[in-house]
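Sequence lines set the chain letters: A, B, ... in the order given, protein chains first and strands last, and positions in each chain run from 1.
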There are 2 protein chains.
Amino acid sequence: MATRTAIIEQIYEDIRDKILKNEYTPGSKLSENSLSADYHCSRTPVREAIKRLEQDGFVTVLPQSGSYVKELTLKDYQHIAEVRTYLESLAFRLNCENEVDITPFSAILDAMDRCDMDNPNEVMTFSDLHFQFHLEMVKASGNEILLTTFNRLNLNTNSLLFYQRLSTQGKVQTQEEHRKILEFLEKRDATRGEKFMFAHLWRKRNAYKRSRV
Amino acid sequence: MATRTAIIEQIYEDIRDKILKNEYTPGSKLSENSLSADYHCSRTPVREAIKRLEQDGFVTVLPQSGSYVKELTLKDYQHIAEVRTYLESLAFRLNCENEVDITPFSAILDAMDRCDMDNPNEVMTFSDLHFQFHLEMVKASGNEILLTTFNRLNLNTNSLLFYQRLSTQGKVQTQEEHRKILEFLEKRDATRGEKFMFAHLWRKRNAYKRSRV
DNA sequence: AAGTTCAAACTAGCATACAAGTATCAGCAA
DNA sequence: TTGCTGATACTTGTATGCTAGTTTGAACTT
């Protein structure tokens with residue numbers, strides 16, 4: 001049975017995906033009326049979906065006026081990268097403590113290795129898998145609150161965080177780092193592994209910071 | 001002008017406060033009908049407030065059945081403490097980078113020093129100031145996303161995190177650590193300061209973990 | 001022609017009505 | 001007495017109507 005309340009969830013995800021895919025561009029308006037027409041439902045579920053999007057930082061609501069897709073600045077990206085760095089460092093530490101199985105992680109890395117970086121489609125796959133890897137790290141931690149916090153962290157950033165290194169060379173370096181992270185995880189070396197994980201992510205943060213000009 | 005939409009905000013905060021004050025005990029039901037009667041409004045704003053409470057982890061909504069105040073387990077407290085540790089460590093590092101002024105922090109610590117731990121009221125004040133200190137650390141970082149993330153981190157935990165050390169002895173130790181944190185902050189020693197901040201918070205996390213029996 | 005004003009149209013906030021799923025409890029059977 | 005069943009009352013989910021704030025643009029003034 002698809003529960004009835006799933007309608008809101010569905011609208012939420014659909015709008016969010018369209019924002020992530022840039023079908024709704026930053027600054028564009030999200031009208032309750034037109035959206036309810038699009039989804040063949042009343043304004044109520046649309047309204048609740050928009051409220052959630054606002055909560056999660058995708059949308060800005062101006063009272064009595066309208067809802068607009070939020071524009072993220074480079075500074076926002078930097079801030080998100082900062083928080084992500086720390087959340088994922090925590091995830092790594094917890095995974096060491098819990099002695100998680102690394103085979104699922106290895107599987108993802110293997111799949112990433114098989115991607116041909118001269119094929120745009122596979123570059124996309126590579127990026128998706130890359131995100132999967134990091135998400136899996138958080139999921140495996142067994143800390144639900146950490147996972148929720150991570151998921152809420154405006155995933156707009158995926159594009160910028162992970163669609164960056166497109167070249168075969170970039171792939172090799174990224175993968176080397178990922179393998180090393182897994183090595184530390186296998187050895188349950190929380191201290192050094194966390195340091196490495198931190199550096200892996202913080203570098204990207206610094207890139208945002210520098211590019212502010 | 002008090003904007004009209006403030007109604008939802010007001011209901012949200014009121015219910016949240018009542019949950020924090022234990023006026024609504026964990027497991028108890030939050031009926032849209034009775035709440036809308038309490039607040040002399042329709043179900044719509046109440047509904048949106050409850051949806052926000054659900055998002056923020058205070059309430060569990062069972063479809064077509066009802067909303068209930070979430071019961072937090074010791075494990076939840078541990079998980080929250082873990083995430084807080086890392087978020088505040090980040091805050092400390094950013095404050096070092098930004099070379100923030102430490103006087104507001106000192107002021108809070110001074111006020112804490114003046115609390116008489118034999119007077120229950122002042123113990124309460126001490127706890128509030130304690131939370132203020134940590135919140136200020138996050139606010140000063142200038143990372144809005146970090147602040148939002150921190151604020152959402154179910155503040156139920158305050159009671160357990162900060163109402164713990166009630167004795168004069170506990171106060172002294174806590175304050176010593178806080179002063180040391182400020183010293184590191186003043187010296188802009190991100191590396192060692194962050195380590196100390198981490199230890200300061202992680203100890204509490206370990207206390208939760210141990211007490212699981 | 002440019003700026004201002006005011007009214008009309010549009011937007012979301014809120015109230016209310018109805019639909020549909022869930023829980024409860026009385027009545028019955030074993 | 002205990003366990004089951006079914007009807008009823010109650011809950012939230014969704015639709016819709018009305019209100020009030022916001023925006024827009026055309027007419028008017030300067």
Side-chain angles (χ1 to χ4, degrees), chain A residues 1-19 23-71 148 154, chain B residues 1-19 23-71 148 154:
Chain A
M1 162 198 87
T3 119
R4 288 181 80 203
T5 93
I7 294 177
I8 296 167
E9 186 70 18
Q10 195 182 320
I11 295 175
Y12 168 85
E13 286 180 9
D14 196 71
I15 296 178
R16 201 194 58 187
D17 287 349
K18 283 183 178 166
I19 292 175
E23 286 180 47
Y24 294 143
T25 57
S28 64
K29 186 166 189 174
L30 295 178
S31 157
E32 290 183 7
N33 276 325
S34 61
L35 286 171
S36 64
D38 291 349
Y39 294 107
H40 303 99
C41 67
S42 78
R43 279 172 44 218
T44 310
V46 170
R47 200 178 153 66
E48 300 198 0
I50 289 180
K51 274 269 146 74
R52 270 193 63 187
L53 288 164
E54 184 195 11
Q55 286 282 304
D56 289 358
F58 289 99
V59 161
T60 308
V61 175
L62 302 184
Q64 233 87 19
S65 166
S67 310
Y68 302 85
V69 177
K70 194 175 260 180
E71 318 220 26
T148 307
N154 200 324
Chain B
M1 161 200 90
T3 117
R4 290 178 81 204
T5 90
I7 295 177
I8 295 167
E9 187 69 18
Q10 196 183 319
I11 296 175
Y12 168 85
E13 285 179 10
D14 197 71
I15 296 178
R16 202 195 57 187
D17 287 349
K18 283 184 178 165
I19 292 175
E23 286 180 47
Y24 294 143
T25 56
S28 66
K29 186 166 189 173
L30 295 178
S31 157
E32 291 182 8
N33 275 325
S34 61
L35 286 171
S36 63
D38 291 348
Y39 294 106
H40 303 99
C41 67
S42 78
R43 275 176 49 217
T44 311
V46 170
R47 201 178 152 65
E48 299 197 2
I50 290 180
K51 274 270 146 71
R52 270 194 62 186
L53 288 164
E54 184 196 12
Q55 285 283 306
D56 289 357
F58 290 98
V59 161
T60 308
V61 175
L62 302 183
Q64 234 89 17
S65 165
S67 310
Y68 303 85
V69 178
K70 195 175 259 181
E71 317 220 28
T148 307
N154 201 325

Fill in: Close residues, residues 36-47 of chain B, relative to DNA chain D [heavy-atom separation under 4.0 Å]
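Nucleic-acid contacts, sorted: R43(B), R47(B).
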Fill in: Closest-nucleotide 5' rank along DNA chain C - winner of S65(A) and S65(B)
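The residue whose closest nucleotide sits nearer the 5' end is S65(A).
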Practice prompt. Using a heavy-atom cut-off of under 4.0 Å over every strand shown, decide if L30(B) touches base, sugar-phosphate, or nothing.
Written response: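 Touches sugar-phosphate only.
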Practice prompt. Please name all residues satisfying side-chain hydrogen bond (donor to acceptor under 3.5 Å, both in side chains) with Y24(A), sequence neighbours left out, ordered by chain then number.
Written response: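 Counting only residues at least two positions away or on another chain, Y24(A) forms no side-chain hydrogen bond (donor to acceptor under 3.5 Å, both in side chains).
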Worksheet item: Sequence neighbours excluded, which residues qualify as side-chain hydrogen bond (donor to acceptor under 3.5 Å, both in side chains) partners of R52(A)?
Response: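 Result, side-chain hydrogen bond (donor to acceptor under 3.5 Å, both in side chains) vs R52(A): E9(A).
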d([atom1], [X]; [atom2], [N]) in whole Å:
| X | N | atom1 | atom2 | value |
| --- | --- | --- | --- | --- |
| E9(A) | dT14(D) | CD | C1' | 17 Å |
| Q64(A) | dA12(C) | CD | P | 10 Å |
| I7(B) | dA12(C) | CD1 | P | 18 Å |
| E32(B) | dC14(C) | CD | C1' | 14 Å |
| L62(A) | dT24(D) | CG | P | 12 Å |

Practice prompt. Between Y68(A) and E48(A), name the one whose nearest nucleotide on DNA chain D is closer to the 5' end.
Written response: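 Between the two, 5'-proximity favours E48(A).
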Discussion item. Please give me the minimum heavy-atom distance between I50(A) and S67(A), naming the atom from each residue.
Written reply: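 Looking at all heavy atoms of both residues, the shortest contact is CG2-OG, 3.5 Å.
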Practice prompt. Not counting sequence neighbours, which residues clear side-chain contact (heavy atoms from CB on, under 4.5 Å) with T148(A)? List them please.
Written response: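 For T148(A), the residues satisfying side-chain contact (heavy atoms from CB on, under 4.5 Å) (neighbours in sequence not counted) are R152(A).
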Practice prompt. Determine which pairs satisfy salt bridge (Lys or Arg N to Asp or Glu O under 4.0 Å) with at least one residue from residues 35-45 of chain A, sequence neighbours left out, and list them in order.
Written response: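 Applying salt bridge (Lys or Arg N to Asp or Glu O under 4.0 Å) to every pair that reaches into residues 35-45 of chain A, excluding sequence neighbours, yields E32(A)-R43(A).
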Item to complete: Kindly say if S31(A) contacts the phosphate of dC10(C), meaning a side-chain N or O under 4.0 Å from OP1 or OP2.
Response: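 No, no such contact exists.
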Worksheet item: Does a side-chain N or O from N33(B) land closer than 4.0 Å to OP1 or OP2 of dT11(D), or not?
Response: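 Yes, within the criterion.
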Worksheet item: K18(B): what forms a salt bridge (charged side-chain N to carboxylate O under 4.0 Å, His left out) with it, not counting sequence neighbours?
Response: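 With sequence neighbours excluded, K18(B) shows a salt bridge (charged side-chain N to carboxylate O under 4.0 Å, His left out) to D14(B), given in chain and number order.
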